[in-house]
Amino acid sequence: MRLAKEKVVQFESVLGLSVDLGLVSVNEGAGAFNLRALPTNWREDLPTLALKSRGGLKLALLSLLKRFSFNGTQFTYALRSDDGKIDSSARNFALEIGLLDYESATGQYSIPPAHLEGFLGFLLTHTAPSALEESKADNLRLGRAAELAVVDFEVEALSKFGELNLAVVHEALTNASAGYDIRSWEPPAQKLPVAFKKKFIGEGCFG
């Protein structure tokens with residue numbers, strides 16, 4: 001660790017981010033850090049790792065991603081006057097690893113389709129700490145938009161099995177104590193006829 005401090009630019013920040021992503025572990029007693037065993041394609045998995053991170057990165061991403069809103073087709077976000085409340089480095093990092101897309105013509109950021117489910121799961125399973133000063137109204141609005149997007153996602157995924165009349169139920173609209181938000185069906189990996197498994201989506205059970 002002593003050698004790395006001498007050689008690596010912004011070592012403490014890089015180490016903290018690597019720990020948040022689960023890429024390294026720190027042995028304080030030995031003054032050393034260890035690389036974790038990673039798959040060969042870990043760079044491609046960075047968006048997923050980021051959404052599963054802990055510590056400062058998770059809080060920065062949460063502050064950023066809760067600013068996105070559903071416009072009927074995708075989740076988007078445009079720079080706002082109060083952006084000083086979020087860490088711009090988190091936004092830049094999310095862009096670099098492909099967690100966000102940016103459209104210069106409109107000045108809007110959006111969630112790529114490949115990471116939509118991970119993004120929604122992140123929002124549905126994390127509550128902003130009080131330090132972020134997010135209002136309950138904003139949390140409810142975005143949470144409901146996320147649920148509606150998931151319903152649309154599930155309906156589209158099951159549309160190919162339309163003849164089976166597989167209903168997607170937005171349970172949270174009528175039963176707040178169900179323990180899940182949406183009831184859907186897991187498409188079979190095999191060809192029909194195969195029994196579909198029920199799928200429950202919501203806090204603590206996303207996916």
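What you see is a predicted model; the values in this text were computed from it and never measured.
- Taking each heavy atom of Gly98 and Pro47 in turn, the nearest pair found is C-CG, 4.4 Å.
- The side-chain heavy atoms of Leu116 and Phe75, taken from C-beta on, include a pair separated by under 4.5 Å.
- Partners of Ser110 under the side chain to side chain contact (heavy atoms under 4.5 Å, CB included) rule, at least two apart in sequence or in another chain, are Gln74, Thr76, Asp101.
- In terms of the side chain to side chain contact (heavy atoms under 4.5 Å, CB included) criterion, residue partners of Phe11 (sequence neighbours excluded) are, by chain and number, Met1, Ala4, Lys5, Val8, Leu15, Phe33.
- Atom CG of Leu99 and atom CD1 of Ile111 lie 5.5 Å apart (nearest 0.5 Å).
- Counting only residues at least two apart or on different chains, the side-chain hydrogen bond (donor to acceptor under 3.5 Å, both in side chains) pairs with a member in residues 153-162 are Glu154-Ser184, Glu154-Lys199.
- Residues Asp152 and Phe70 form a side-chain contact, since some pair of their non-hydrogen atoms from C-beta on lies under 4.5 Å apart.
- Considering every non-hydrogen atom in both Leu61 and Ser53, the closest pair reads CD1-OG, 4.4 Å.
- The minimum heavy-atom distance between Leu166 and Phe196, with the atom names listed, is CD1-CE2, 3.4 Å.
- Nearest heavy-atom pair across Arg91 and Leu64 is CA-CD2, 3.7 Å.
- No side-chain heavy atom of Leu123 sits less than 4.5 Å from a side-chain heavy atom of Phe68.
- For Lys197, there are no salt bridge (charged side-chain N to carboxylate O under 4.0 Å, His left out) partners at least two apart in sequence or on another chain.
- Residues Leu3 and Glu6 meet the side-chain proximity criterion, which asks for heavy atoms closer than 4.5 Å.
- Proximity of Val151 to Ile182: side-chain heavy atoms (C-beta onward) are separated by under 4.5 Å at one or more points.
- At least one donor-acceptor pair closer than 3.5 Å links the side chain of Asp20 to the backbone N or O of Leu57.
- Distance alone, capped at 3.5 Å, places no donor-acceptor pair between the Asp45 side chain and the Thr48 backbone.
- Note on Val169 and Trp185: separate hydrophobic clusters, where clusters join Ile, Leu, Val, Met, Phe, Trp and Tyr whose side-chain heavy atoms are under 4.5 Å apart, directly or indirectly.
- With hydrogens and angles disregarded, no donor-acceptor distance shorter than 3.5 Å links the side chain of Ser63 to the backbone of Leu59.
- Remark: Ser25 pairs with Asn34, Arg36 by the side chain to side chain contact (heavy atoms under 4.5 Å, CB included) rule, at least two apart or across chains.
- Taking CD of Glu117 as the reference point, atom CD1 of Ile201 lies at 7.5 Å (rounded to 0.5 Å).
- Smallest separation of non-hydrogen atoms from Phe93 and Leu21: CZ-CD1, 4.0 Å.
- For Tyr109, the ring pair (Phe, Tyr, Trp, His ring centres under 6.0 Å) partners are Tyr77, Tyr102, not counting sequence neighbours.
- Counting only heavy atoms from C-beta outward, the side chains of Leu100 and Leu65 approach each other to under 4.5 Å.
- With hydrophobic clusters built from ILVMFWY side chains whose heavy atoms lie under 4.5 angstrom apart, Leu49 shares a cluster with Leu35.
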